[in-house]
Amino acid sequence: MSNKETVFEWEDLEELWEGSVQGSQIQIQLSDLMNELKANTSEFEMNAMKQDLKDLDQFFSDFQQMTSQFEKDAIKNDLDKITRSLRSFFDFFKKRN
């Protein structure tokens, strides 16, 4: 599966989400939740989270270098299957609407 196909699938998902009646309500609730989280998080907690994200990023960089080509191919195959399933799922809902 190419990068363009992946972007296309996410665009389909975004289109369905934005077209949904509940989509705007969920978006508002998520925005409110994010604002509440930011308001109730101390500077110490924010710095700790930033450091954790840096550590995770470093871990994944190291992990990626240790991953064999076989594992990468297996993951790519799995992602292709998931994408095809999502595509048929979205096509089904597009036909219904």
Problem set entry | Residue pair Ser68 / Glu71, side-chain donor-acceptor N/O under 3.5 Å | yes
Exercise. Can any side-chain N or O of Asp57 pair as donor or acceptor with the backbone N or O of Leu53 at less than 3.5 Å?
Worked result: no
Problem set entry | Given Asp78, Leu79, Asp80, the one that forms side chain to side chain contact (heavy atoms under 4.5 Å, CB included) with Lys76 | Asp80
Exercise. Can you tell me how far the CG atom of Leu56 sits from the CZ atom of Phe60, to the nearest 0.5 Å?
Worked result: 5.5 Å
Problem set entry | Between CG on residue Asp52 and CE on residue Met49, distance to nearest 0.5 Å | 8.5 Å
Exercise. About how many Å separate CG of Asp32 and CG of Leu37, when rounded to the nearest 0.5 Å?
Worked result: 12.5 Å
Exercise. Is it the case that more than 12 heavy atoms not belonging to Met46 sit under 6.0 Å from its CE atom?
Worked result: no
Exercise. Should we say atom CD of Gln51 is surrounded by more than 12 heavy atoms from elsewhere, each under 6.0 Å from it?
Worked result: yes
Exercise. Is the NZ atom of Lys81 crowded by more than 12 outside heavy atoms at less than 6.0 Å?
Worked result: no
For this session: Drop me the distance from Asp55's CG to Gln58's CD, to the nearest 0.5 angstrom.
Result: 8.5 Å
Problem set entry | Summary of side-chain hydrogen bond (donor to acceptor under 3.5 Å, both in side chains) pairs that have at least one residue in residues 41-50, sequence neighbours excluded | Ser42-Glu45
For this session: Answer yes or no: does atom CE of Met66 have more than 12 heavy-atom neighbours from other residues, nucleotides or ligands under 6.0 Å?
Result: yes
